[in-house]
Amino acid sequence: MKALVMDKGMKKLTDASLFVKDLEHVQIENWKMGVFTPKEHLEAVSKAAYDFFEIETKPKTKQIALTDLLENDSQ
């Protein structure tokens, strides 16, 4: 997307606005992807996904529900 910047012509929106550039960076950092497969193919598909996406180590993440956080906060 491009924006008209006063007296400077057309620029990419990310070049015209630090705010938009930061939003784009945060969006990329928070982007997640899942690869799903039956259990019997897990090892082969995992290796293929790590190789394809050039991931060096498996990220250590755990997904929890917001209600779990709220329950722990109230204790």
Side-chain angles (χ1 to χ4, degrees):
M1 181 179 287
K2 292 190 177 189
L4 180 60
V5 180
M6 292 301 247
D7 299 326
K8 294 185 182 179
M10 296 295 282
K11 285 187 165 184
K12 286 177 59 178
L13 193 52
T14 53
D15 292 338
S17 169
L18 284 176
F19 178 70
V20 173
K21 188 174 196 162
D22 288 344
L23 284 176
E24 181 181 63
H25 176 75
V26 169
Q27 185 269 333
I28 290 169
E29 288 294 313
N30 288 320
W31 185 75
K32 293 179 176 41
M33 175 189 230
V35 178
F36 302 89
T37 187
K39 273 188 177 180
E40 63 266 19
H41 302 294
L42 183 60
E43 193 173 323
V45 171
S46 292
K47 182 177 179 350
Y50 281 93
D51 291 346
F52 181 82
F53 293 110
E54 298 177 355
I55 299 171
E56 306 248 342
T57 59
K58 184 175 183 178
K60 304 221 183 312
T61 59
K62 180 180 177 185
Q63 186 171 349
I64 58 173
L66 179 59
T67 52
D68 293 339
L69 286 176
L70 296 175
E71 287 173 6
N72 289 335
D73 245 11
S74 63
Q75 294 175 358

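Numbers here simply count residues along the sequence, with the first being 1. Given the structure is predicted, the values throughout are model-derived calculations rather than measurements.
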Do L18 and V20 share a hydrophobic cluster, counting only Ile, Leu, Val, Met, Phe, Trp and Tyr and linking them when any side-chain heavy atoms are less than 4.5 Å apart?
no
Nearest 0.5 Å, please: how far is CZ in F19 from CG in L13?
10.5 Å
Strictly distance-based, threshold 3.5 Å: is any side-chain N or O of S46 a donor or acceptor partner for the main-chain N or O of L42?
yes
State which residues pass side-chain hydrogen bond (donor to acceptor under 3.5 Å, both in side chains) with K39; sequence neighbours excluded, sorted by chain then number.
none
Using a 4.5 Å cut-off on heavy atoms from C-beta on, say whether the side chain of D51 contacts that of K47.
yes
What distance do K12 atom NZ and E24 atom CD have between them, rounded to the nearest 0.5 Å?
7.0 Å
Give a yes or no on this: more than 12 heavy atoms of other residues, nucleotides or ligands lie within 6.0 Å of atom CD of E43.
no
About how many Å separate OG of S17 and CG of D22, when rounded to the nearest 0.5 Å?
8.0 Å
